[in-house]
There are 2 protein chains.
Amino acid sequence: MKGRNQRKPVAPPSISDAEWKVMNVFWDRGPSTLREAVESLESGSDWKPRTVQTLIRRLVTKGALSVEELGREFRYTPVFSQADCQLDESRSFLGRVFDGRLVPFLAGMVESEKIPQEEIEALRRLLDEAEKRQTPSE
Amino acid sequence: MKGRNQRKPVAPPSISDAEWKVMNVFWDRGPSTLREAVESLESGSDWKPRTVQTLIRRLVTKGALSVEELGREFRYTPVFSQADCQLDESRSFLGRVFDGRLVPFLAGMVESEKIPQEEIEALRRLLDEAEKRQTPSE
DNA sequence: CTTCATGGATTACGTGTGTAATCTATGGAT
DNA sequence: ATCCATAGATTACACACGTAATCCATGAAG
């Protein structure tokens, strides 16, 4: 037992807007140090290194990143997969805004956004697959 | 000019979790007083009337509800349509979590949720319509 | 007329968020 | 041996949010 050994909670913690940008770096790059994260964020944000450090620390505190000592620096690693966190956010978003219902959400999107043809086809393929998976045979 | 005459902003303000619950009451019922809103919220939340009042006041301040004097009470009316607010939230959610892309969102949903057959069909119809609208003739 | 319930206004208070600066220790450069 | 850049730790600070309580005025009830 190495001390501050926070057990992985069952569900991902809630991740704020700014924190998502940070998490995306770790999901893209895998385990990284502060310096590496700061470099990755240089294009695409104008955060000072201290700001990034604060966000990382908060993510550690809330259990979204784990820490491992690496020489005199720390290396941070996502505790949850991006897919898990995305799913969590998706559910909470649909619940809050659309009473949990997917159909009105997509209705709004296709009505007001111009969905390019190839996306429409991709979406259709998703539905086909979902149907196949759920109707094993027959 | 009656004083606190805030002009309708072009875009809906950002609406928090608790505030969504309140806005939904006004979208459902149309213009209503505090008392009516409190009654509507009694089932489905255990908020004290003062809490509801605070949320309404904040919604007025941020320009999501407008006020009109009605005897000694006020009547509150949504400034933006529910659809507008939903669209706004949808865009910001997709941007934050899925880099703005719809396909990965739906991919996650159909992979991890059991979408009932009739919803799948409803979603397909939405795609068909979207396609038709975007390919006027030809 | 007095009392009470209720609305609006003001105030509260802990936590989360965005955005850092300062303090302290130390590895690397000179 | 000394100085600097940088990491982690601590501290900051205003605004948003969830969740009210208190204060003041007034219409309704008695």
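In what follows, every chain begins at residue 1, and chains take the letters A, B, ... in the order their sequences are listed. Predicted model, so just to flag it, every value in this text is computed and none were measured.
Atom CG in Leu59(B) sits about 13 Å away from atom C1' in dG18(D), given to the nearest Å. For the pair Arg58(B) CZ and dT19(D) C1', the interatomic distance rounds to 8 Å; values are reported in whole Å. Between Leu41(B) atom CG and dG18(D) atom P there is a gap of 13 Å when expressed in whole angstrom units. A straight line from CG of Asp46(B) to P of dT19(D) spans 8 Å, rounded to a whole angstrom. For Gln53(B) and dC24(D), the CD to C1' distance is 13 Å, given to the nearest whole Å. Protein atom NZ of Lys48(B) is 22 Å distant from nucleotide atom P of dC17(D), rounded to whole Å. Here the C1' atom of nucleotide dC15(D) and the NZ atom of Lys62(B) are 11 Å apart, to the nearest Å. Rounded to whole angstrom, the span from the CZ atom of Arg57(A) across to the P atom of dA12(D) amounts to 13 Å.
Residue Arg35(A) is classed as a sugar-phosphate contact, given heavy-atom separations below 4.0 Å to backbone atoms only. Nucleic acid contact class of Thr54(B) (heavy atoms, under 4.0 Å, all strands): base.
For Glu89(A) and Trp20(A), the side-chain atoms include at least one donor-acceptor pair closer than 3.5 Å. Under 3.5 Å, the side chains of Gln82(B) and Asn24(B) contain a donor-acceptor pair of N or O atoms.
In this structure a side-chain-to-backbone donor-acceptor pair under 3.5 Å is missing from Trp27(A) to Ala83(A). Counting only distance, with no hydrogens or angles, the side chain of Ser32(B) and the backbone of Gly30(B) share a donor-acceptor pair below 3.5 Å. Checked by atom type and distance alone, the side chain of Glu73(B) never pairs as donor or acceptor with a backbone atom of Leu70(B) at under 3.5 Å.
Each of Thr51(B) and Ser14(B) was assigned the nucleotide of DNA chain D with the nearest heavy atom; the assignment lying further toward the 5' end belongs to Ser14(B). Projected onto DNA chain C by closest heavy-atom contact, Arg50(B) and Glu19(A) fall at different nucleotides, the more 5' of which corresponds to Arg50(B).
Phosphate contact (OP1/OP2 of dA7(D), side-chain N/O of Tyr76(A), threshold under 4.0 Å): absent. For dT19(D), one of the phosphate oxygens OP1 or OP2 lies less than 4.0 angstrom from a side-chain nitrogen or oxygen of Trp47(B).
Classification of Arg124(B) and Glu119(B) as a salt-bridged pair fails, no side-chain N sitting under 4.0 Å from a carboxylate O. Comment: Arg125(B) does not engage Glu118(B) in a salt bridge, judged by the lack of any side-chain N to carboxylate O separation of less than 4.0 angstrom. Between Glu19(A) and Lys62(A), at least one side-chain N (NZ, or NE/NH1/NH2) sits under 4.0 Å from a carboxylate O, which counts as a salt bridge. We find that Glu111(A) and Arg133(B) are not joined by a salt bridge, their nearest charged nitrogen and carboxylate oxygen being 4.0 Å or further apart.
Put simply, chain B comes within 4.0 Å of DNA chain C, heavy atom to any atom, from dT6(C) to dA12(C), going 5' to 3'.
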Using the 3.5 Å cut-off, write out each protein N or O paired with an N or O of nucleotides 26-30 of chain D and the distance between them.
none

